[in-house]
Amino acid sequence: MSDIDTAVRLLRTGRLVALPTETVYGLGADASSPEAVARIFAAKGRPADHPLIVHIPAADHLDRWAREIPQAARLLAQRFWPGPLTLILKRQPQVPDAITGGQDTVGLRVPAHPLALQLLRAFDSGIAAPSANRFGRISPTTADHVREELGDRVDLVLDGGPCTVGIESTILDLSGPVYAVLRPGAITAQQIADTLGQAVSGATPAAPRVSGSLEAHYAPTTPMELVPAGQLPARIDTLVSAGLRVAVLSQAAFAGNDKTLRQQAPEDAAGYARTLYGTLRKLDHQGVARILVEAPPDTPEWLAIRDRLRRAARGSGE
Ligand code: TXA
Ligand code: MG
């Protein structure tokens, strides 16, 4: 039996299958089964009122999960699916409350990974899948990371190699009169606006709950600081003078010593995103007292990365 057949069989019996996507690995379960979905929350240690994204094989499955679908959703699906964009739409009544966190909306996405698509087509229904990490920790971008996070809490891990995007999908709320980006990702607000021919807003405090919007998220256990580029040498100096060992993720080179472990950061946003979580995970295992990350540029293409870094720093060291 192929891995896909095994995975489909497991999903149909309410079990958990970790699957690769282009963004991060997901912890998948049959989205139409409240019992199966409950296993996701148990495995992650995730609060039950946090809604999950439903992954579908193609845009023609939209109507099974969502209702009153605006033309904007069809346009964006056509332009960006399969791809790292999640659309929040009004839900069909039969979508389990466990998926939506009791809200009247559902998040939907077609992932751009050949193995995920093969699995979704064979399953021919929705797979609910949050990132396959324990709640609040760094999202996994390889099959090994998933095993490290969840061990035998997951029944099967499909290994699709390292994720090519590396950070979670852009989440766009299309369920109300004002279209709003709830979580920035590789697909920018500008790309969405260009496709729709209208501006979309950034996250607002009134926006629906998004667990990725909790401050303590994507976090290493080593205390981590985000440092403005110009202040990096002084900050390193202060910590090292106090006898601490530090790991430094920076684009700029600096004069290190035996108390500093330097990791070169990619110059391009796509490369940075692809390697970000794996790098944080690696630095978190170095036994240093502090991880210092040079703040990347303050431009739109770095927005999603700065968002993840800020939250990682906020939630680190716990
Ligand atoms: O790239 C991704 O989106 C990955 C891969 C596996 O697809 N998934 C992911 O799932 O990041 P998760 O659960 O870690 O984050 C999903 C986010 C959560 O912050 C959740 O609150 C939000 O999506 N979400 C899901 N349904 C929602 C809804 N109906 N309204 C508002 N936010 C929703
Ligand atoms: Mg997550």
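Remember, it's 1-based here, ligands and their atoms both numbered in the order they're listed. Because the structure is predicted, anything quoted here is derived from the model rather than measured. These numbers come from the heavy atoms of this one structure, side chains and all, not from hydrogens, waters or symmetry mates.
Ranked by closest heavy atom to atom 9 (C) of ligand 1, the top entry among Cys163, Pro140, Ala18, Ser131 is Ser131.
Among the atoms of Ser131, an N, O or S atom is found under 2.8 Å from the Mg ion (ligand 2).
Looking at Tyr25 next to ligand 1, no N or O pair under 3.5 Å apart turns up. Inclusion of Glu168 in the set of residues having an N or O under 3.5 Å from an N or O of ligand 1 is not warranted.
For ligand 1, the atoms lying closer than 4.0 Å to a non-hydrogen atom of Ile171 are 17 (C), 22 (C), 23 (O). Below 4.0 Å from some heavy atom of His55 lie the following atoms of ligand 1, by number and element: 5 (C), 6 (C), 7 (O). Near Ser169, meaning under 4.0 Å from any of its heavy atoms, are these atoms of ligand 1: 1 (O), 2 (C), 3 (O). Residue contact check: Thr23 has heavy atoms under 4.0 Å from atoms 1 (O), 2 (C), 4 (C), 5 (C) of ligand 1.
The proximity of Thr105 to ligand 1, defined as any non-hydrogen pair under 4.0 Å, involves the side chain as well as the backbone. For His113, no heavy-atom contact with ligand 1 is shorter than 4.0 Å. Within the 4.0 Å heavy-atom criterion, neither part of His50 lies near ligand 1.
The shortest separation from a heavy atom of Thr100 to ligand 1 is not under 4.0 Å, leaving the residue out of contact. Between Arg91 and ligand 1 there is no heavy-atom distance shorter than 4.0 Å.
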